[in-house]
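Okay, so here's the structure we're looking at.
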Amino acid sequence: MIHFLQHEGVIPVLQELHDSEKRPEYIVEGFNTWFQEDPIRIATFMKSRTDAQTNDCLSKLWVKFLRYYTEDFKFERDVVQCQQSGRLSLFEKEWTSKCISIEDPFDYKYS
């Protein structure tokens with residue numbers, strides 16, 4: 001659900017809410033685990049959304065959710081994840097083919 005809501009622009013990708021060109025780093029066990037945790041910055045982002053899609057009622061979002069995972073999302077090549085707004089492929093993760101691939105947001109080595 002988080003992945004879909006980020007895709008629709010309803011909620012932010014916290015790893016992408018920064019001002020610098022390069023993503024800030026907070027390395028834990030060799031992985032960059034930085035995310036925006038400033039509630040004021042997050043609230044500012046949420047107030048600045050003007051995209052009409054984010055104003056959909058719950059029933060429209062539910063239908064879009066079902067359509068996204070049944071028609072648009074490519075399970076054979078993409079990973080469900082919440083770390084970036086763009087697509088993440090199985091090839092990039094170096095994972096073998098699975099029915100559905102979901103990246104653990106807390107342990108990048110685990111699928």
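No experiment lies behind these values; they were computed from the predicted model shown.
- Looking at residues two or more places apart in sequence or on another chain, you find no side-chain hydrogen bond (donor to acceptor under 3.5 Å, both in side chains) involving Glu71.
- Of the possible polar contacts, one joining the Gln81 side chain to the Gln83 backbone as a donor-acceptor pair under 3.5 Å is found.
- Across all non-hydrogen atoms, the minimal contact from Asn32 to Pro24 is ND2-O, 3.1 Å.
- The two atoms that bring Val28 and Thr33 nearest to each other are CG2-OG1, 3.4 Å, heavy atoms only.
- Across every non-hydrogen atom of Leu90 and Ser101, the tightest pair is CD2-OG, 3.0 Å.
- Asp78 contributes atom CG, which lies 9.0 Å from atom CD of Glu92 (distance to the nearest 0.5 angstrom).
- A pairwise comparison of heavy atoms in Lys93 and Leu88 identifies CD-CD2, 3.6 Å as the closest pair.
- Within a 6.0 Å sphere centred on CD1 of Ile40, other residues, nucleotides and ligands contribute 12 heavy atoms or fewer.
- Of the inter-residue distances, the one linking Phe65 atom CZ with Thr70 atom OG1 reads 10.0 Å to the nearest 0.5 angstrom.
- When all heavy atoms of His18 and Ser20 are compared, the closest pair comes out as ND1-O, 2.9 Å.
- In the hydrophobic clustering of ILVMFWY residues, with side-chain heavy atoms under 4.5 Å counting as a link, Leu58 and Val10 come out apart.
- Judged as a salt bridge (charged side-chain N to carboxylate O under 4.0 Å, His left out), and not counting sequence neighbours, Glu37 has no contacts.
- No donor-acceptor pair under 3.5 Å is formed between the side chain of Gln15 and the backbone N or O of Phe35.
- The distance from the OG1 atom of Thr44 to the CG atom of Leu17 is 9.5 Å, given to the nearest 0.5 Å.
- Residues Ile11 and Ile102 fall within the same hydrophobic cluster, defined by Ile, Leu, Val, Met, Phe, Trp and Tyr side chains chained together at heavy-atom separations under 4.5 Å.
- Crowding of Leu66 atom CG: a count of heavy atoms from other residues, nucleotides or ligands under 6.0 Å exceeding 12.
- Atom OG of Ser85 is separated from atom CD of Glu16 by 3.5 Å, given to the nearest 0.5 angstrom.
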Apply the test side-chain contact (heavy atoms from CB on, under 4.5 Å) to residues Phe75 and Tyr69: give CA-CA distance (whole Å), side-chain angles for both, the deciding distance (0.1 Å), then the verdict. CA-CA 8 Å; Phe75 287 99; Tyr69 283 113; 3.7 Å; yes
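- Listed by chain and number, the residues in a ring pair (Phe, Tyr, Trp, His ring centres under 6.0 Å) with Tyr68 are His3, Phe4, His7, Phe73 (sequence neighbours excluded).
- Here Trp62 contributes atom CH2 and Cys57 contributes atom SG; the two are 14.0 Å apart, rounded to the nearest 0.5 Å.
- Listed here is the closest heavy atom pair of Arg87 and Lys74: NH1-N, 4.3 Å.
- Side-chain contact between Arg41 and Asp19: present, with at least one pair of heavy atoms (C-beta onward) separated by less than 4.5 Å.
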